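Structure record follows, encoded as structure tokens.
Here the structure is a predicted model, which is why all the values come from computation and not from measurement.
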Amino acid sequence: MPRYDPHRIEPKWQQVWDDRGTFVTPNKPPPGTTGKLYVLDMFPYPSGAGLHVGHPEGYTATDIVCRYARMKGKHVLHPMGWDAFGLPAEQHAIKTGTHPRVTTDQNIETFKRQLKMLGFSYDWSREFSTTDESYYRWTQWIFLQLYDTWYDPEYEWTGPDGQRRRGKGRPIAELPLPPSLSQAGTPDATTTVAIRRYQDAHRLAYQTEAPVNWCPALGTVLANEEVLADGTSEIGGHPVERRPLRQWMLRITAYAERLLAELDDLDWPESIKLLQRNWIGKSIGAEVDFLVDGASNPGDSVSKPGDSVAGTHPDFHAWKAHRGKSGFPPTPEPNVLRVYTTRPDTLFGATYMVVAPEHPLVDRIATPAQRAAVDEYRRKTALKSDLDRTDLAREKTGVFTGAYAFNPVNGERIPIWIADYVLISYGTGAIMAVPAHDERDLAFAQTFHLPVIDVVQNPAGDNIGFTGEGTAIHSGSYNGLPTAEFKRRITADLAAAGLGREAVNYRLRDWLFSRQRYWGEPFPLWHELDAEGNLTGLVRTVPESELPVTLPEMEDFKPKGTPEPPLSWAPEEWLYATAPDGTRLKRETNSMPQWAGSCWYYLRFCDPHNCERFVDPAVEKYWMPVDLYIGGAEHAVLHLLYSRFWHKVLFDRGYVSTPEPFRRLVNQGMILGETEFRVFKDASTGRYLSPEEAERTPEGQVISERVAETDVVKQGEGFVLKADPSVRVEARAYKMSKSRGNVINPDDIVREYGADALRLYEMFMGPLEQVKPWSMSGVEGVYRFLARVWRMFVDERAETVTLDAAVQDVPPTVAQQRLLHKTIKAVTEDIEKLSFNTAISRMMEFTNAFTGYNPRPRACLEPFVLLLAPFAPHIAEELWELLGHDESLTYASWPAWDEQMLIETEIEIPVQVNGKLRGKVRVPAEADAARMQAIAEAEPSIQAHLAGKQVIKVVAVPGRMVNFVVR
RNA sequence: GGCCGAGUGGCGGAAUAGGCAGACGCACGGGACUUAAAAUCCUGUGGAGGGUUACCUCCGUGCGGGUUCGAGUCCCGCCUCGGCCACCA
């Protein structure tokens with residue numbers, strides 16, 4: 001009895017594809033192909049848990065596109081690999097004592113087996129892991145390129161894509177030196193060091209001693225992107241504190257403008273572009289300088305608080321006059337406080353100033369009377385973790401420094417405070433506070449009873465607390481100007497007076513690129529040591545010929561609770577060396593973050609076995625950019641921003657041919673667990689609770705019980721028990737999680753229904769990009785469909801697998817032809833739109849119709865098998881073979897549809913009276929408006945509705961509908 | 001709090017470009033086959049009301065308005081849910 005048996009068919013074809021190398025892709029386009037298509041999945045981190053059902057969602061989508069494209073004659077690159085460095089493997093290793101390399105290899109094996117089981121058409125000959133020495137050798141090499149590059153924002157050039165650009169990453173050797181360093185002849189030793197330090201300060205990869213996000217539980221520092229808003233780590237949710245440490249940073253901020261501007265032309269979801277735009281956070285405003293009163297001589301202000309000095313103070317006048325001549329300096333004088341504002345139009349409303357507690361000016365300006373309070377506040381802030389800072393429920397805190405500054409527009413003398421709501425890392429680390437038109441300033445002013453002056457007229461409502469645009473008031477000669485105009489005018493006026501200038505700021509910070517981990521790429525760097533064995537701050541790169549710097553074999557890589565990286569207790573011979581010039585060297589013992597490997601893997605897939613280069617230029621030019629990239633939205637600002645940054649540096653340095661790596665991006669939606677129906681009871685009384693009551697009742701007091709879907713019935717907005725309609729039932733789908741016990745394992749699905757059914761179901765669930773709950777009976781539904789397809793071809797009563805007698809070489813009927821061509825057209829267009837759920841429903845309709853025919857013309861069934869192939873490749877290959885083909889259908893031609901076949905001679909159209917459907921009539925397809933109206937009027941049921949009424953208008957859209965407007 | 005997205009049967013979801021709301025699948029009901037079950041096949045299924053049978057009427061795409069001959073689709077104002085970011089001056 002040859003029933004549909006995926007467990008016989010699927011391994012058979014997977015073996016065939018493997019043996020014949022069906023999906024091995026040469027870098028040269030084979031004859032007959034029409035252009036390349038690079039389709040990429042976000043390669044997985046091979047965790048110990050194995051594949052979950054979220055992986056095959058995106059992977060099936062790309063696989064369908066690839067299989068379709070091959071049949072359309074495209075030369076398709078579809079690779080897979082492993083993003084295998086990272087914390088989980090290392091933590092597992094620490095727990096179990098197994099080397100991370102061992103667990104990583106095991107996990108990769110599991111993942112690979114699972115992916116192969118699903119029949120994806122990857123070119124496995126291109127497989128690699130980011131942990132392979134032959135791969136991370138080039139990750140290190142790219143780091144060296146970053147290290148060798150500085151960003152010249154003024155440089156104008158034409159890229160390999162022919163576009164004129166401004167701003168370029170250039171070799172550090174081309175960095176112009178300041179006059180003091182660019183002396184003629186061979187520089188002396190001191191100058192050489194000075195030059196090196198000058199260059200180091202401009203490189204895209206640089207060291208800094210800065211407060212970083214230190215996570216004691218994970219034993220590492222984290223990038224800003226890896227710390228959640230509540231101050232805990234993205235991985236594990238551990239507390240994170242601020243701590244100064246020497247770290248490697250990547251100057252991604254240099255590329256902020258290009259990362260922002262070049263988003264525009266990408267075929268990415270607008271939501272993801274917006275996320276990146278917000279993350280980069282460009283704002284345009286002005287820098288404005290405020291002279292500090294008496295700052296040159298703290299505690300001895302030339303004027304006293306409360307003095308009426310507006311516009312008359314001698315120091316202020318002298319300074320202003322000086323600025324009028326000398327202009328706005330790149331860095332302000334020591335007694336000047338520079339602020340950044342996006343609302344220079346509110347300058348007249350500035351009633352106080354706030355500097356970040358870490359601001360260097362604080363020491364100069366704090367008065368003796370306020371000194372103790374200021375120091376105490378600074379000490380407390382420094383100790384505060386981000387968690388504490390945000391957990392304070394936004395209660396504003398701060399301390400008066402005792403100092404005052406003059407508002408440059410009106411000479412008004414205003415107090416300077418310190419407060420932690422001003423961040424040292426943004427803008428100038430200081431603000432002018434305009435409480436009337438800024439929420440945060442208002443909250444602060446109210447807490448500390450500072451004056452509030454409104455300077456913007458709200459066109460609709462109160463001025464105080466109004467942060468929108470309006471008309472200027474209380475602003476001297478600027479009164480009456482609309483906000484936008486005011487901004488332009490005052491920015492220009494300040495610039496002319498040497499008191500301010502237009503300024504752009506970005507929320508984006510430089511990327512903290514070092515981690516205190518064992519299981520990551522070592523930096524290809526040596527530190528120079530001085531005679532005492534201390535770091536000098538100068539580094540040397542490992543020569544390209546000596547790459548890779550491999551991880552040393554170590555037994556113990558457990559963090560010691562200090563920021564000392566595990567590599568710092570690596571074997572001596574790994575750790576130390578002496579340079580040919582006699583300098584003692586110590587390795588950089590930090591390692592790279594997990595993002596490093598995923599920043600460029602798509603380039604390596606083009607040319608994975610190249611030992612000479614990270615990618616061959618001609619091969620890169622052929623395959624890049626990635627035409628379609630599918631993965632989860634969780635990488636919207638991390639991986640996708642970092643890769644774009646690296647790619648642009650490589651582009652600037654001439655190593656890649658495109659400015660952007662990923663032309664089209666699609667995010668798959670998360671798959672939730674099955675919808676759960678629950679009733680709640682009070683633990684002590686046993687009384688039923690409504691879902692809302694259960695929500696309010698404390699944890700241990702509620703018993704929740706799952707009930708079957710069939711025991712539940714809809715009532716009003718919600719659900720109730722069938723047996724007892726007074727009991728309300730909660731219906732909800734949750735994220736899959738081990739603790740909830742609702743995880744679906746792909747292995748189980750394949751074991752029961754086969755890979756084709758799993759693939760088909762995941763595509764049939766709904767739109768790719770949407771969040772959707774799993775449904776076990778939905779899987780059975782598509783399995784039944786596949787079995788129906790099977791029986792459309794195969795005689796199940798025969799002894800062996802043979803074609804059903806109904807499958808015959810007979811000419812199809814007109815109706816059969818039409819359905820076939822409609823199906824071809826719909827499926828083709830749906831694949832192009834990635835609308836796989838509707839493509840599948842079209843194939844179901846075809847099957848429903850054709851199983852009812854006898855005979856079933858082979859001329860219709862053969863193309864159908866090809867349509868099905870991208871979705872359910874195993875059963876399609878099996879049926880293709882059964883139909884007498886020796887070759888795999890992988891490279892068979894995709895069926896074409898004939899528009900002539902779709903034309904109907906007669907169509908049914910709706911007839912409306914006053915917009916309400918009152919009947920349907922059949923009309924010739926080519927009937928014009930008048931003819932359609934005539935046929936509709938002749939229809940008895942329509943006549944009944946028109947009887948006794950006056951027709952005042954008739955709308956007839958040919959091929960669509962007729963509507964009578966009557967009175 | 002800000003931004004983005006989404007609300008359509010019991011459920012997942014369809015519906016070019018404003019033109020027959022609910023394709024396809026699930027679940028459920030009825031029937032056939034069977035000793036029986038499974039499997040399969042046929043068939044019904046948005047709600048309410050009416051009718052003698054193949055039928056008719058009204059209501060219906062989160063809520064309230066608007067534009068239009070005609071609105072799930074466009075506009076205005078709300079509500080709810082989901083996601084992301086949250087002191088960025």
Handout entry: Donor-acceptor pair between A/Ser283 and A/Tyr340 side chains, under 3.5 angstrom
Key = yes
Problem - Rounded distance (Å) that lies between atom P of B/rA89 and atom CD1 of A/Ile416 - result: 21 Å
Handout entry: Cation-pi check, A/Arg3 onto A/Trp790 ring (under 6.0 Å, within 45° of axis)
Key = no
Fill in the blank from the handout: When A/Asn278 and A/Pro773 are each assigned the nearest nucleotide of RNA chain B, the 5'-most assignment goes to A/Asn278
Handout entry: Donor-acceptor pair between A/Ser841 and A/Thr838 side chains, under 3.5 angstrom
Key = no
Fill in the blank from the handout: Contacts of A/Lys282 and A/Phe764 projected onto RNA chain B by closest heavy atom; the upstream (5') one is A/Phe764
Exercise for the section: Just call it for A/Arg842: base, sugar-phosphate, or nothing, with non-hydrogen atoms closer than 4.0 Å on any strand. Expected result: nothing
Practice task
Answer with base, sugar-phosphate or nothing: what part of the nucleic acid does A/Arg918 contact at a heavy-atom distance below 4.0 Å?
Solution key: sugar-phosphate
Exercise for the section: Could you check whether A/Thr851 gets within reach of a base, just the sugar-phosphate, or nothing at all, counting any heavy atom under 4.0 Å? Expected result: nothing
Practice task
Check the side chains of A/Asp441 and A/Tyr421 for a donor-acceptor pair under 3.5 angstrom, ignoring hydrogens and angles.
Solution key: yes
Exercise for the section: For B/rG72 and B/rA54, measure between their P atoms and round to the nearest Å. Expected result: 29 Å
Exercise for the section: Scan A/Asp441 against the nucleic acid and name what it touches under 4.0 Å (heavy atoms): base, sugar-phosphate only, or nothing. Expected result: nothing
Practice task
Report which part of the nucleic acid A/Val965 touches: base, sugar-phosphate, or nothing (heavy-atom distance under 4.0 Å, all strands).
Solution key: sugar-phosphate
Exercise for the section: Determine the contact category for A/Met844: base if any of its heavy atoms lies under 4.0 Å from a base atom, sugar-phosphate if only primed atoms, P, OP1 or OP2 are that close, otherwise nothing. Expected result: sugar-phosphate
Exercise for the section: For A/Asn963, report the nucleic acid contact type (base, sugar-phosphate, nothing); a contact means any heavy atom under 4.0 Å. Expected result: base
Practice task
Pick base, sugar-phosphate or nothing for A/Gly781, based on heavy-atom distances below 4.0 Å to the nucleic acid.
Solution key: sugar-phosphate
Practice task
Using a cut-off of strictly less than 4.0 Å, decide whether A/Gln770 has a side-chain nitrogen or oxygen near OP1 or OP2 of B/rA6.
Solution key: no
Handout entry: Under-3.5 Å donor-acceptor pair between A/Lys920 side chain and B/rC20 base
Key = yes
Exercise for the section: Whole angstrom is fine here: how far is it from CD in A/Glu439 over to C1' in B/rC87? Expected result: 10 Å
Handout entry: Salt bridge flag under 4.0 Å for residues A/Arg678 and A/Glu730
Key = no
Fill in the blank from the handout: The nucleotide from B/rC24, B/rA21, B/rG19 with an atom nearest the side chain of A/Arg960 is B/rG19
Practice task
Just call it for A/Glu780: base, sugar-phosphate, or nothing, with non-hydrogen atoms closer than 4.0 Å on any strand.
Solution key: nothing
Exercise for the section: Identify whether any heavy atom of A/Val771 sits under 4.0 Å from a base atom; if not, whether one sits that close to sugar-phosphate; answer base, sugar-phosphate or nothing. Expected result: sugar-phosphate
Problem - Whole angstrom value for the distance that separates C1' of B/rA71 from CD of A/Gln912 - result: 11 Å
Practice task
Examine the side chains of A/Arg507 and A/Asn278 and answer whether a donor and an acceptor come within less than 3.5 Å of each other.
Solution key: no
Practice task
Write down the distance separating the C1' atoms in B/rC33 and B/rC26, rounded off to the nearest Å.
Solution key: 24 Å
Exercise for the section: For A/His635, report the nucleic acid contact type (base, sugar-phosphate, nothing); a contact means any heavy atom under 4.0 Å. Expected result: nothing
Exercise for the section: Would you mind reading off the distance between A/Ile952 atom CD1 and B/rC69 atom P, rounded to a whole angstrom? Expected result: 10 Å
Problem - Spacing of A/Asp345 atom CG relative to B/rA89 atom P, expressed in whole Å - result: 14 Å
Practice task
Report which part of the nucleic acid A/Phe785 touches: base, sugar-phosphate, or nothing (heavy-atom distance under 4.0 Å, all strands).
Solution key: nothing
Practice task
Please determine if a side-chain N or O atom of A/Lys953 lies less than 4.0 Å away from the OP1 or OP2 oxygen of B/rC69.
Solution key: yes
Practice task
Nearest whole angstrom, please: distance from the P of B/rG82 to the CG of A/Asn667.
Solution key: 20 Å
Handout entry: Distance test, side-chain N/O of A/Arg3 to OP1/OP2 of B/rU40, below 4.0 Å
Key = no
Handout entry: Pair A/Arg931 + A/Asp928, salt bridge at N-O below 4.0 Å
Key = no
Polar atom pairs between nucleotides 45-52 of chain B and protein, under 3.5 Å, N or O only, would you list them?
none

Practice task
Identify whether the distance between the nearest side-chain nitrogen and carboxylate oxygen of A/Lys825 and A/Asp830 falls below 4.0 Å.
Solution key: no
Problem - C1' gap between B/rA89 and B/rC76, integer Å - result: 33 Å
Exercise for the section: Start with the C-alpha gap between A/Ser425 and A/Arg509, add the side-chain angles, then the distance that decides, and say whether side-chain hydrogen bond (donor to acceptor under 3.5 Å, both in side chains) holds. Expected result: CA-CA 8 Å; A/Ser425 50; A/Arg509 305 292 148 80; 2.8 Å; yes
Completion exercise
CD1 (A/Ile671) and CD1 (A/Ile744) are apart, to the nearest 0.5 Å, by 9.5 Å
Practice task
Report which part of the nucleic acid A/Leu274 touches: base, sugar-phosphate, or nothing (heavy-atom distance under 4.0 Å, all strands).
Solution key: sugar-phosphate
Exercise for the section: Name the closest nucleotide to the A/Pro767 side chain, picking from B/rC4, B/rA27, B/rG13. Expected result: B/rG13
Practice task
Check the side chains of A/Glu780 and A/Tyr761 for a donor-acceptor pair under 3.5 angstrom, ignoring hydrogens and angles.
Solution key: no
Exercise for the section: Between B/rC81 and B/rC74, how far apart are the C1' atoms? Round to whole Å, please. Expected result: 24 Å
Completion exercise
Rounded to whole Å, the CG-P distance (A/Leu768 to B/rG5) equals 18 Å
Problem - Distance below 4.0 Å between A/Arg788 side-chain N/O and B/rC41 OP1 or OP2 - result: yes
Exercise for the section: For A/Gln933 and A/Glu937, test the side chains for any donor-to-acceptor distance below 3.5 angstrom and give the result as yes or no. Expected result: yes
Exercise for the section: Both distances under 3.5 Å, Watson-Crick or G-U wobble: on that basis, could you give the dot-bracket string for RNA chain B, with [ ] for crossing pairs and | for other-strand partners? Expected result: (((((((..(((......[....))).(((((.......))))).(((((....)))))..(((((..]....))))))))))))....
Exercise for the section: Please report, rounded to the nearest Å, how far the P atom of B/rA89 is from the OH atom of A/Tyr352. Expected result: 16 Å
